[in-house]
Every structure is written in C-alpha cells, then in structure tokens.
Amino acid sequence: MGYDFEVAVIGGGPAGSSAARRLARAGVSVVLFEKQAMPRRKVCGGALSEQAMSYLDFELPQEVVDWECYGARVTYGDKTLVERLDERIAVLVTRSRFDKLLVDMALEAGAQVVWEAVASLDEGERGVAVKTASGASFTVRRCIICAGANSRFIPKVRPRDGVYGEGICMEGEVDRLSPDPFAHLEGLIDIYFGVAGYGYGWVFHHGTYYSVGVGGLRAKFPNPAKALEEFTARIGLAGRLRDVKGHPIPRGGLDRRLGKGSLLLAGDSAGFVDPFYGEGLAYAIRSGQLAAEAIVGNSRTDMMHEDYRRTTKAEFSANLEYSLLFSKVMYTLPKLFLNTLVSDEKALRRYLYVPLNKLSYKEYLTWLVPRLPVFWARRIFELMLP
Ligand SMILES: Cc1cc2nc3c(=O)[nH]c(=O)nc-3n(C[C@H](O)[C@H](O)[C@H](O)COP(=O)(O)OP(=O)(O)OC[C@H]3O[C@@H](n4cnc5c(N)ncnc54)[C@H](O)[C@@H]3O)c2cc1C
C-alpha cells in the first residue's frame, strides 16, 4: 500500500512535536501539520516542571529559560505561605519560544512539517486521508491527533468533554514594572486559591513580564473574565494586562478513550492535564512520545491501543486519577483542606515534591490524611490563642 507518509501528526504543540521527533528518530516517515506560523503566542503560564524537562531527550537551552523556580508562595483568603526547596522544581518558559524549539527538534530528527491547518481527517480502507485547508491531500497509515483541548477531531475518537470534564483559563501578560512589585517572587511560583471555582489564580514572573491568569472548572467557574478583572485589581495590576485570551483546559484523571482504528489522541486532546494545578506540558510531551512508541512497536492496531493505554496508565494516568481525587477533596471543602496547604509548612513543602515527580499523589495523600486531625487541632489551638 503506497502511503505518502507512515504517520501524520496533527498539531505542532508540545505533544505533536514530541511525537514527530520520536517517530523520526525511530526511522518512521512522519509529517507534522501545524496551522500557525511559529513563533506564535500561546496562552499558558509557561511553568515547565522538572518532570516535564526529564522527558526531553535533549538539554533545554538556557536561552529559553526565563526564570528558575525553587518553591511556591500560596495564598488563600488572608493567609499566605512561602516554601522553598534546595532543588529546582520548574523553570518558566515563554511558549512561543519553547514550542518553536520543539518543532525545530522534530525537524532536526527528520520529520517534515506542513505549515497548514488540517481541514479533514477520514479513515478508510486505504488508510487515513488527511486534507489541508488549501486542499492538499495525504494518505497515511496512522495518525496522532495532538491539536489541543479544542480540536474538532477529538470526536473522531471520543465524545467531547462536558462542563465537569473541562476547565477554562484566562491569561494575559504585564510588562515588568519598575520598581518591580513582584521582585520578592524571585524563584517562586505564586498561586492564589479562592479566586476561581475549583481552580486558582497565578502570577508567574518571567523576568521581563508577568503571566497573570485564572483557571477553574467550567461547571464551577461561570465568569472567568470578571474573575480575572477582580484578581488583577487585587494584586495591583488593574488595567495593565495585554494579550488576554481564554482557553479550555481538560480535567485530567477521567477515564477517556485514547484511540480508535488508526487514530491516537495525545496531549490535551487526550485529556492529560493535572486536575489540581493544571500542569499539562509534562503529559503532552510524554504522551506524544508514548503514542509514537506504540505505533513503532505494534503493527496491529488493537495491540497499539493496548500498549498506549498501558504505558500512559503506568507512567502518569494512574497518578492523574489520584490527583482528581485530591482536587475534589481540596476544592469541595476548601476551608478545611486548602487551609491546611496554606497553613502548614510541612504539607506545602511535601506537595512540592509532586511536580518534581519524587512523590505521587497517592503517596502524598497517604502521608497527608493521617496527619490532618493534628493539623486541624493545631490550627484551632492557634485561633484560640489571644
Ligand atoms: C491559560 C493556561 C495556562 C496553562 N499553564 C500551564 C503551565 O504553566 N504549565 C503547564 O505544564 N501547563 C499549563 N497549561 C496546560 C498546557 O498549556 C497544555 O497542557 C499544553 O499546551 C498541551 O499541549 P498540546 O501539544 O497537547 O496542545 P497545544 O499546546 O494546545 O497545541 C496544539 C497545537 O495544534 C495546532 N492545531 C490545532 N488545530 C489544528 C489543525 N486543524 N491543523 C493543524 N494544527 C492544528 C495548534 O495551533 C497548536 O499549535 C496551561 C493551559 C492554559 C489554557
């Protein structure tokens, strides 16, 4: 059967570029379709965790690193807690630069890139027919859909997420002010609980600008634009945000179908995002790679699907299920549980090992739950002190 390419990857975000690079390095002919010329702005906080970096099969060049983070400052109501580790937990990157770098790495490995939107995708007896917006058509054997949370191609594999399966974020940028009111955030990510339903607000200091945003669960966060306005006013940045954009974000940890026939989903299209704190870059990169490996390692589609489900489950999906449990507990009873995170140094400090991938959510919960009565008793005692 004459295919134009063995595999088509739709979407040149972190999932798509990582999949294309992995396939090209395995000697598979692969074409990557990306609808936007790069570099392009991508609405995102840009926090790239150590776990995410550990998945890259090359050294992250220093010039794409805006800021290095060793800890977090978390605020809930009138309480704020700062906790730093000796080791770095994440770096902040600007997505326009980071995503371009990943596409360049896919090109370097031998992938071909078509800078056009895919307009249609049809599975037939002769493989998958991919048509671009300009009418060019390609026939491929397999296809990985990495076109983000909003992709029109997701329903080729599974139903779209409803209001309980998806979050909504709004983010904008503010040029660094002088004097810098956020200079004290050096080395920290800054999180504000309570400003978004089932989510939070953030200020991520990128050196020359701040990424400021809010994100919450669609069902519990009806007015993100108003929430962002109130949040920016609260932190003294009213009227200063530019390039404000909203974007959906999947709620990870739900049981979703990952593929059908010759099609696989990866990254946000597959729903791989941490439901508690919204990290998606690590899972986008790794799921793209695992989808590529499932294709390389299996000529039969049923085995490809089984392999992909097994490897994603073993590496992070099971952890995302615990994160979903954790987020339900935290956000359903925030006064009880989020308070612990912003009142107890040990509870926050230990949580920071999660983005480091040194602690799973299950391990964190196993540690936290038996200690909760002690935390609460101490808190009641503190409140009773004159
Ligand atoms: C406001 C916000 C803040 C976030 N902050 C963080 C953070 O700080 N850290 C973190 O880890 N995660 C964060 N996330 C999540 C993270 O951005 C996503 O998980 C990640 O971008 C998913 O990567 P992806 O490659 O799956 O999809 P995307 O990054 O969405 O890439 C999809 C690509 O597909 C292209 N595309 C779409 N349709 C087509 C088509 N028909 N044809 C061709 N190309 C197409 C798009 O142009 C795009 O380049 C945030 C998300 C939001 C919304």
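These numbers come from the heavy atoms of this one structure, side chains and all, not from hydrogens, waters or symmetry mates. Predicted model, so just to flag it, every value in this text is computed and none were measured. Positions are given from 1, in the same order as the sequence printed here. Numbering of ligands and ligand atoms starts at 1, following listing order.
The shortest heavy-atom contact between G252 and P275 is O-CG, 3.3 Å.
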Side-chain donor-acceptor pairs of residues 134-143 under 3.5 Å, sequence neighbours excluded:
{"unit_1": "S134", "atom_1": "OG", "unit_2": "E116", "atom_2": "OE1", "d": "2.8"}
{"unit_1": "S134", "atom_1": "OG", "unit_2": "E116", "atom_2": "OE2", "d": "3.0"}
{"unit_1": "S134", "atom_1": "OG", "unit_2": "T132", "atom_2": "OG1", "d": "3.3"}
{"unit_1": "R141", "atom_1": "NE", "unit_2": "E6", "atom_2": "OE2", "d": "2.6"}
{"unit_1": "R141", "atom_1": "NH2", "unit_2": "E6", "atom_2": "OE2", "d": "3.1"}
{"unit_1": "R142", "atom_1": "NH2", "unit_2": "S299", "atom_2": "O", "d": "2.8"}

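Applying the ring-ring contact (aromatic ring centres under 6.0 Å, His included) test to pairs two or more places apart or on separate chains, those with a residue in residues 219-259 are Y192-F231. Residue pairs meeting the ring-ring contact (aromatic ring centres under 6.0 Å, His included) criterion with at least one member in residues 260-307, sequence neighbours excluded: F193-F276, F272-F316, F276-F326, F276-Y331, F276-Y351, Y283-F316.
Ring centroid separation for the pair F337 and W376 comes in under the 6.0 Å cut-off.
Under the 3.5 Å distance criterion, with hydrogens and angles disregarded, a donor-acceptor pair is assigned to the side chains of D274 and Y361.
Listed by chain and residue number, the protein contacts of ligand 1 are I10, G11, G12, G13, P14, A15, F33, E34, K35, Q36, R40, K42, V43, C44, G45, G46, A47, R95, E116, A117, V118, C146, A147, G148, F153, C169, E171, W202, F204, H247, I249, G267, D268, V273, G278, E279, G280, L281, A284 (heavy atom within 4.0 angstrom).
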